[in-house]
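Heavy-atom basis, side chains included; hydrogens, waters and symmetry copies ignored.
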Protein chains: 2
Amino acid sequence: MASAQSTTSKRRLTAKGALTRERIVSTASDLMYVQGVERTSLDDVIEASGTGKSQMYHYFADKSELVGEVVHTQIERVIANQDPLLRRLDSMRGLERWRDAVVAGNRSRRGAHGCPLGSLSSELADYSEPARTALSTGFDAWESLFADGLGRMQEKGELDDDADPAALARGLMAALQGGLLLAQAKRDADSLAIALDMALAHIRARTTPSASRPRASRSDGENVPDTTDH
Amino acid sequence: MASAQSTTSKRRLTAKGALTRERIVSTASDLMYVQGVERTSLDDVIEASGTGKSQMYHYFADKSELVGEVVHTQIERVIANQDPLLRRLDSMRGLERWRDAVVAGNRSRRGAHGCPLGSLSSELADYSEPARTALSTGFDAWESLFADGLGRMQEKGELDDDADPAALARGLMAALQGGLLLAQAKRDADSLAIALDMALAHIRARTTPSASRPRASRSDGENVPDTTDH
DNA sequence: GCGGTACTGGACTGATGAGTTCATCCGCAA
DNA sequence: TTGCGGATGAACTCATCAGTCCAGTACCGC
């Protein structure tokens, strides 16, 4: 959606041209995911996509514009990947299934590469304001999938009314990103599992015991004593 | 300490030479922290450190060796920075103070740059196995500071006996790293605050309410509303 | 089928980066 | 004092990378 030709207002695109452009962006996204943005040269992209210099500069003003499209693409990919898993989320059980899927995926590549958005953010956030805002928005969209699911849990009565879905979603996202980062450094998905279990326990603690509780795990009554001072 | 001249077994170093070498590493560490490893050229380092090409290659075989030293330095810096805050940690109160310090530091730079180790890991873990293992070890050392503190809480009876300090420490580290990453993307330390509050709540849930609790806690709340909550 | 515009191939440029070479300088010890 | 090995400065090579140019081809609308 929203093809977005940011700065360079390219004229019309024929079907063929749009396809070539898409091939370049897609190839660049793959390459930059596995080797990083800075380590990926335009020549790499050109060779891997079977195109040429003139195509590259016909469709993009410069590398930064291509990177912008890559950011956009990766956000869409992540959302497209996560949406089916989270769209119907409305229970702790569903969250646990999501957790299992994410951990399994990470384990299969031994933590390598980390999160597409997380990696891009770490590499670009301080150097490209447009990329940073795009990624920030992307994270928000992703978090909304969590928050919406938590909201549904609330409606069902499985989650306490006074729980804050947005804050819980933010915490879950942080645990996910941190877990992925540690898993990448340690080449071990266990770190991700531990991080996500922490986040899930934090949510579970705001759950009403009466409701469906599949796992008879030991209590996670996260009693919160006092407000941290300033 | 532990000068460590990894691969290139440089001959002896005079006091002067050691100083120059140290200046190069220190400058490189600063630059690579704020602009990233890949974006920092040796010429940048040479200019900023007021040295020359010949010094650079007199003390380091190539860029990757310098990067190795930078990784080493950043780990030492982080530990040196965190140790005073965590060495005596033995209570929730202490953890909360640590949280406040970390959040305040992050807020002062609006999330920029993230964690020195986290950024390096994201940039290097997939491309340099030596860097990856060094960073993995660095994270472990850092986590040990947490785990040791949690162990002291256990001895004091403030933390449940069946709680697992190592797992709680790993979760806390993941929350920290994820929170820093999101804070960097959103230019907003609140994400870090939320993430750390989640981790602290998770630990607090394994705390024995009866035990020494310095602060006259007012009744249970639920979530921890922090300073300038979002 | 005709004109124009999108599309493509490929050679070229200029800058920058990593790494090299070499002559010289300096400090220390016998 | 002399000499050796470490320390330094500066010019140089070579590869790569972003970005340009131009000529030629394919395609779309009329």
Side chain of [X] only, heavy atoms from C-beta on: which candidate in [options] is closest?
X: B:Ser54; options: D:dA18, C:dT21, D:dC28; value: C:dT21
X: A:Thr14; options: D:dC28, C:dA18, D:dA7; value: D:dC28
X: A:Tyr57; options: D:dT20, C:dG10, D:dG6; value: D:dT20
X: B:Lys63; options: C:dC7, C:dG19, D:dG6; value: C:dG19

Rounded to whole angstrom units, what separation is found between the [atom1] atom of [X] and the [atom2] atom of [N]?
X: B:Ile46; N: C:dG17; atom1: CD1; atom2: C1'; value: 11 Å
X: A:Leu42; N: C:dA15; atom1: CG; atom2: C1'; value: 15 Å
X: A:Met56; N: C:dA6; atom1: CE; atom2: P; value: 20 Å
X: A:Phe60; N: D:dA18; atom1: CZ; atom2: C1'; value: 15 Å
X: B:His58; N: D:dG9; atom1: NE2; atom2: P; value: 12 Å
X: B:Tyr59; N: D:dG5; atom1: OH; atom2: C1'; value: 12 Å
X: A:Asp43; N: D:dC17; atom1: CG; atom2: P; value: 6 Å
X: A:Glu47; N: C:dG9; atom1: CD; atom2: P; value: 14 Å

Short N-O contact, [X] and [Y], less than 4.0 angstrom:
X: A:Glu96; Y: A:Arg99; value: no
X: A:Arg187; Y: B:Asp126; value: yes
X: A:Asp188; Y: A:Arg110; value: no

- [ ] Please test A:Arg170 against B:Ser191 for side chain to side chain donor-acceptor pair (under 3.5 Å), starting from the C-alpha separation and ending with a verdict.
- [x] CA-CA 7 Å; A:Arg170 179 68 52 92; B:Ser191 295; 2.6 Å; yes
- [ ] With heavy atoms under 4.0 Å as the rule, sort A:Lys16 into base, sugar-phosphate or nothing.
- [x] sugar-phosphate
Task: N/O donor-acceptor pair, side chain B:Lys53 with base D:dG9, under 3.5 angstrom - done: no
Task: Toward the 5' end of DNA chain C, by each residue's nearest nucleotide, A:Gln55 or B:Ser64 - done: A:Gln55
Open item on the list: Within the 3.5 Å criterion, strictly below it, is a donor on A:Thr40 or A:Gln35 matched to an acceptor on the partner's side chain?
Closed with: yes
